[in-house]
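Below: one structure, written as structure tokens.
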Amino acid sequence: MAVVGVIGGGQLARMMIGPATALGVEVRVLAEAPDASARLAATAVGDYRDTATVLAFAADCDVVTFDHEHVPQEVLRALVAAGAAVHPGPDALLYAHDKLMMRERLSQLGVAQPDWARVASADELSGFLADHGGRAVVKTPRGGYDGKGVRVVDDPAQVADWLADGPLLAEELVRFDRELAQLIARRPSGDARLWPLVETVQRGGVCAEVIAPAPSMTDAQERAAAEIATAIAHGLGVTGVLAVELFAAADGRILVNELAMRPHNSGHVTIEGSTTSQFEQHVRAVLDWPLGDTEPRAPWGVMINVFGALPDDRIAAALAHQPSAKVHAYGKGPRAGRKAGHVTAIGADLDDVVYRARAAASHFDA
């Protein structure tokens, strides 16, 4: 039996367990705490930043992969030095760890992205603002996600606290019509498969809804997104699932916003909506097994994130009200603003699918 070790015990690790079990693959998880979302497969609890802990966990695994991208480079490289198969590897994850390095590498690959600059002082940021209409997006190079580490500024003083800690990433404030995500999975041997492009609806910097496929896209836009994701996956040597978050700019450009080298929130709709889900595909990919078909099971799929809590009585009410919808609970304790689960519906009519997904999710409104 193949053994896949997952570092990180969040919902992404949790959702790998079922598909892996169906394939006869054992998932073992290095969780951060005993009550982690993926506690069903937690064979160890410890600090993913501690090299000895991670090496001990990986010793009996055929391959090591990740629920998040926060494992330090020195730990990743110690794994590789010890002979562990690590997917994605440290050379790829380097660009998920550092947004400045990501922008530099994507520029080398010729991938379309917003205009950007490395700014290390208030004067440099002032110059960037002057060249870009007086406003810009400023990001910390490391550690930001779900809207954290991101500010829209018109004055360098608004990020003076960040500048004190080192260089920042300044980006053109893109006027976009909507946000998109293109998922791709790549095996170590190089084979890759794309899912259909999806639209993501953000609220407060956090993904709230996903529509698959993205409605009203032109063939040229879909082709551009696919070419971008393929170029990045091969150019960076990503193995496993890669999510490329994109802007559909008002001027027609398709631009790279962020990268995630793991299963991603925008791909949860594939569990019900695709022949092969992102979680099954990730397991296949990191084991270098043949990749599955990514064709949709229905013309439309809609996924809605649920925040806070999913108590049993509300799950039962949602299922009774919308029996064709699927509810996924992550086994997390309630906390305001925390992703606690999601709801998915699929079908032939987009308006009906949106209604059913939202109607089911409404049972979890605070």
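Only heavy atoms go into these numbers, but all of them, side chains included; no hydrogens, no water, no symmetry mates.
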Approximate separation, where rounding is to 0.5 Å, of S277 OG and E272 CD: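 Reported to 0.5 Å precision, the distance equals 9.0 Å.
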Note, W195 side chain near P296 side chain (heavy atom, < 4.5 Å): no
Is [Y] paired with [X] through a side-chain N to carboxylate O contact shorter than 4.0 Å?
| X | Y | answer |
| --- | --- | --- |
| E199 | R178 | yes |
| R253 | E172 | yes |
| D91 | R77 | yes |
| R223 | D219 | no |
| K139 | E171 | yes |
| R118 | E124 | no |

Are [Y] and [X] linked, directly or through intermediate hydrophobic residues, by side-chain heavy-atom contacts shorter than 4.5 Å (ILVMFWY only)?
| X | Y | result |
| --- | --- | --- |
| L40 | L30 | no |
| M261 | V198 | no |
| V153 | L173 | no |
| F364 | L319 | yes |

Any donor-acceptor N or O pair under 3.5 Å, side chains W116, S107: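 Yes, S107 and W116 have a side-chain donor paired with an acceptor closer than 3.5 Å.
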R186-H234 side chain donor-acceptor pair, cut-off 3.5 Å: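 The answer is yes; a qualifying pair exists.
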Determine, using ring centers only, whether H328 and H268 are less than 6.0 Å apart. no
Are the aromatic ring centres of H342 and Y330 under 6.0 angstrom apart? yes
Within 45° cone of W162 ring axis and under 6.0 Å: R151 NZ or CZ: yes
